[in-house]
Amino acid sequence: MRRPVGVAEAPRREPARALHLTRRGRIVVLLVLVAVAGLVFSLGRVSAGAAPGGSRPGASTTVRPGESLWSVAQRIAPQSDPRDVVGALLELNHLSEDAGLRPGQVLLLPR
């Protein structure tokens with residue numbers, strides 16, 4: 001069968017092949033995904049720590065010589081009832097009611 005003169009034949013395309021990764025390629029893809037997940041996790045923690053408010057989760061204070069839970073509660077939240085703040089300090093720091101504080105001890109602060 002003859003083609004008409006001046007008509008070009010379209011080039012034939014090969015069918016697309018499925019993507020094939022080598023072992024090294026799979027390792028690189030896995031490492032990139034782990035790095036991205038770590039970055040997202042880190043950014044989430046940083047943004048959660050930057051929440052507005054007086055004392056945010058993650059805020060802490062250091063016990064001064066001679067301080068008790070009551071005096072720490074009055075110092076960190078003078079406008080609040082110290083009984084509520086002491087209760088929150090005990091719960092947040094996993095302390096018992098008869099636990100004595102040591103100078104230099106770090107206490108996590110309630111919200």
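Taking Leu90 as the reference, Leu69, Val86, Leu95, Glu97 meet the side chain to side chain contact (heavy atoms under 4.5 Å, CB included) condition, with sequence neighbours excluded. For Ser96, the side chain to side chain donor-acceptor pair (under 3.5 Å) criterion is met by Asp98, not counting sequence neighbours. Under the rule for a side chain to side chain contact (heavy atoms under 4.5 Å, CB included), the partners of Gln74 that lie at least two apart in sequence or sit in another chain are Trp70, Pro82. In this structure Arg75 satisfies the salt bridge (charged side-chain N to carboxylate O under 4.0 Å, His left out) test together with Glu67, sequence neighbours excluded. Residues meeting the side chain to side chain contact (heavy atoms under 4.5 Å, CB included) test with Leu19, sequence neighbours left out: none. A search for salt bridge (charged side-chain N to carboxylate O under 4.0 Å, His left out) contacts involving Arg24 returns nothing, not counting sequence neighbours.
Here the shortest heavy-atom pairing between Ala77 and Val85 reads CB-CG2, 3.9 Å. Of all the heavy atoms in Pro110 and Leu92, the pair that sits closest is N-CD2, 3.6 Å.
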side-chain contact (heavy atoms from CB on, under 4.5 Å) between Ile76 and Leu89, intermediate numbers included: CA-CA 11 Å; Ile76 64 170; Leu89 284 170; 4.2 Å; yes
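Identified under the salt bridge (charged side-chain N to carboxylate O under 4.0 Å, His left out) test for residues 80-90, with sequence neighbours left out: Asp81-Arg83.
The CG atom of Leu101 sits 7.5 Å away from the OG atom of Ser71 when rounded to the nearest 0.5 Å. Rounded to the nearest 0.5 Å, atoms CD (Glu91) and CG (Leu108) are 12.5 Å apart.
Cluster partners of Val29, by chain and number: Leu21, Leu33. The rule joins Ile, Leu, Val, Met, Phe, Trp and Tyr whenever side-chain heavy atoms lie under 4.5 Å apart.
Under the 4.5 Å side-chain criterion, counting only non-hydrogen atoms from C-beta, Leu107 is in contact with Gln105.
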